[in-house]
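Each chain gets a letter, A, B and so on, in the order the sequences are listed, and its residues count up from 1. No experiment lies behind these values; they were computed from the predicted model shown.
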2 protein chains.
Amino acid sequence: MSTVTDLKTDKYESNRREAIRAAASVFAAKGYHGASTADIASELGIKQGSLYHYIKSKEEALYEVCLLGIEDYVSRMKSIAGSRQSSEAKLLAVVTSHLASYREKNEAMKVHNDERLYLPKERRGELKRLGTLYRTLLEEILQSGINAGTYRADIDVKFVSKTMIGVCNSWGHHLVRYPELDMFEIVQKCADYFVHGLIETTR
Amino acid sequence: MSTVTDLKTDKYESNRREAIRAAASVFAAKGYHGASTADIASELGIKQGSLYHYIKSKEEALYEVCLLGIEDYVSRMKSIAGSRQSSEAKLLAVVTSHLASYREKNEAMKVHNDERLYLPKERRGELKRLGTLYRTLLEEILQSGINAGTYRADIDVKFVSKTMIGVCNSWGHHLVRYPELDMFEIVQKCADYFVHGLIETTR
DNA sequence: AATAAATTCTATAGATCTATAGAATTTTAT
DNA sequence: ATAAAATTCTATAGATCTATAGAATTTATT
């Protein structure tokens with residue numbers, strides 16, 4: 001009996017997830033305001049009005065997309081941060097995870113970064129919490145690299161972490177827009193560049 | 001007589017520029033699709049319909065804003081690239097110019113970066129040309145640094161230039177959003193980080 | 001097969017929003 | 001001061017677009 005109820009619920013939930021993914025795709029392509037609920041419905045092969053069986057409002061859809069975009073990305077960061085590796089290995093893993101996130105669930109990530117500010121402030125609390133958590137964990141990785149003597153003691157970890165996130169998002173956009181780009185090549189170059197910079201040294 | 005005509009023309013042109021600037025401000029705050037022509041008119045203190053005395057369409061306004069956003073920014077790059085300084089000095093100047101551009105005409109720059117893809121492709125030719133020119137000039141600066149032995153010979157100049165532009169745009173966004181940020185501090189840190197990276201070296 | 005529940009559809013109210021036309025007003029030129 | 005030109009306004013046609021209500025249809029249960 002409970003099995004029956006669960007099955008029904010599961011189907012609804014799975015349809016709902018489909019709807020959120022369709023919204024992600026449409027928002028990523030046209031922007032939140034440029035996209036219509038008819039576009040989303042059309043992506044799902046249903047009529048505009050039917051969409052409201054799964055979402056309460058267009059804004060709710062945006063919120064769900066943004067959450068989807070950042071959640072698994074933060075959880076990956078958590079497991080990297082908690083792992084036993086060198087700071088350098090962690091950094092490489094972070095960049096890989098960040099760019100892979102764009103490649104795999106690219107639309108939701110993009111929407112999170114480009115459109116979340118269109119949500120009313122009251123609705124951004126959880127997103128902000130997750131974003132800050134992500135950056136804090138990255139800062140800790142950097143700090144431990146400094147403590148280990150691998151990285152320069154005079155770097156501003158907050159500045160560097162924000163810069164790295166900016167770089168990853170920038171390349172993430174390129175990856176979404178140009179599917180022919182080789183993700184691993186970019187990851188490699190980013191990590192190398194983050195660590196060694198431009199300058200010629202005797203290594 | 002021609003003076004008279006010129007004066008009139010000048011006034012119209014100056015009003016038109018005002019309208020473009022208002023559009024920049026509104027597009028930056030609400031996004032192209034989220035902003036209405038009524039918003040722009042209201043910023044100017046006129047009625048929605050009156051706006052069309054100065055622009056042919058909302059899309060034309062977006063185009064003009066994007067052009068405004070990138071033009072002077074490219075011309076500054078030209079003069080830096082053509083100047084007689086070391087590659088390192090040029091790089092610092094580029095970052096300064098890029099971020100200052102955000103600080104001064106911040107809205108148009110932001111709109112260029114965030115909204116230009118909403119223009120139909122046919123209308124993006126000139127913008128693309130200017131953007132590519134900018135990147136090419138940056139690549140030349142990097143290459144001359146390599147040739148001079150200052151920078152590592154094994155860096156991918158195209159990759160690095162794109163990354164730098166990404167970083168500048170990312171910090172540009174922060175600068176627009178948080179006016180309390182110290183631009184010169186960020187410029188300094190970016191330049192340092194670009195060149196030296198994270199790694200501890202005996203310098 | 002009959003009944004209940006879930007899903008989708010149609011139709012629409014009520015707000016937009018862009019662009020235009022022509023009238024009213026303000027500014028400039030004679 | 002009068003005429004001409006430029007600017008702004010009002011009003012509106014014609015397209016949107018979101019969200020809802022209730023009917024029709026499909027799917028699941030007994």
Asker: Counting C-beta onward and ignoring hydrogens, is there a side-chain heavy-atom pair between B:Arg76 and B:His98 closer than 4.5 Å?
Answerer: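 Of all side-chain heavy-atom pairs linking B:His98 with B:Arg76, none is under 4.5 Å.
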Asker: Between D:dT10, C:dT8, D:dC17, which nucleotide gets closest to the side-chain atoms of A:Ser36?
Answerer: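 So the nucleotide nearest the side chain must be D:dC17.
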Asker: Could you tell me whether the side chain of A:Ile40 reaches within less than 4.5 Å of the side chain of A:Ile55, counting heavy atoms only?
Answerer: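 Sidechains of A:Ile40 and A:Ile55: no contact.
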Asker: To the nearest Å, how far apart are B:Glu13 CD and D:dA6 C1'?
Answerer: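 For the pair B:Glu13 CD and D:dA6 C1', the rounded distance is 14 Å.
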Asker: Does B:Ser50 make a side-chain N or O approach to OP1 or OP2 of D:dT7 shorter than 4.0 Å?
Answerer: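 Checking D:dT7 against B:Ser50, no side-chain N or O comes under 4.0 Å of OP1 or OP2.
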Asker: Atom OH of B:Tyr54 and atom C1' of C:dT18: how far apart are they, to the nearest Å?
Answerer: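 Distance check: B:Tyr54 OH to C:dT18 C1' gives 19 Å.
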Asker: Are B:Leu181 and B:Arg103 side-chain neighbours, meaning at least one heavy-atom pair lies under 4.5 Å?
Answerer: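 In short, these two side chains touch, coming nearer than 4.5 Å.
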Asker: Please state how far atom CG in A:Asn15 lies from atom C1' in D:dT27, giving the value in whole angstrom units.
Answerer: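 Taking CG of A:Asn15 and C1' of D:dT27, I get 12 Å after rounding.
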Asker: When you measure from the side-chain N and O atoms of A:Tyr12 to the phosphate of C:dA5, is any distance below 4.0 Å, counting only OP1 and OP2?
Answerer: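 So the side-chain polar atoms of A:Tyr12 never come under 4.0 Å of the phosphate oxygens OP1 or OP2 of C:dA5.
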Asker: Taking atom C1' of C:dA19 as reference, at what distance in whole Å does atom CD of B:Gln48 sit?
Answerer: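 To the nearest whole Å, that distance equals 8 Å.
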Asker: Want to settle it: does B:Tyr52 or A:His53 sit nearer the 5' end of DNA chain C, counting the closest nucleotide to each?
Answerer: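 Result of the comparison: A:His53.
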Asker: Return the nearest nucleotide to the side chain of B:Lys47; candidates are D:dT10, C:dT8, D:dA28.
Answerer: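 Closest of the options to the side chain of B:Lys47: D:dT10.
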Asker: When the distance from CZ of A:Arg16 to P of C:dT8 is rounded to whole Å, what number comes out?
Answerer: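 Whole-Å distance recorded here is 14 Å.
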Asker: Can you tell me how far C1' of C:dC17 sits from CG of B:Asp39, to the nearest Å?
Answerer: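 It is 10 Å, rounded to the nearest whole Å.
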Asker: One pair to check against ring pair (Phe, Tyr, Trp, His ring centres under 6.0 Å): B:Tyr12 and B:His53. What are the steps and the verdict?
Answerer: CA-CA 10 Å; B:Tyr12 177 84; B:His53 195 242; 5.7 Å; yes
Asker: NZ of A:Lys56 versus P of D:dA21: gap in Å, rounded?
Answerer: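 Answer to the nearest Å: 13 Å.
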Asker: Quick check for you: among D:dT18, D:dA19, D:dT8, whose closest atom lies nearest to any side-chain atom of A:Ser57?
Answerer: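 Of all the options, the side chain of A:Ser57 is nearest to D:dA19.
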Asker: To the nearest angstrom, how far is B:Ile55 atom CD1 from D:dT7 atom P?
Answerer: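 For the pair B:Ile55 CD1 and D:dT7 P, the rounded distance is 15 Å.
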Asker: Choosing from C:dT27, C:dA19, D:dA28, which nucleotide comes nearest the side chain of A:Lys11?
Answerer: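 Closest of the options to the side chain of A:Lys11: D:dA28.
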Asker: Got a second to check how far B:Lys189's NZ is from A:Asp156's CG, nearest 0.5 Å?
Answerer: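 So the gap between those two atoms works out to 3.5 Å.
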Asker: Which part of the nucleic acid, if any, lies within reach of B:Ala35 when heavy atoms closer than 4.0 Å are counted: base, sugar-phosphate only, or nothing?
Answerer: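 Touches sugar-phosphate only.
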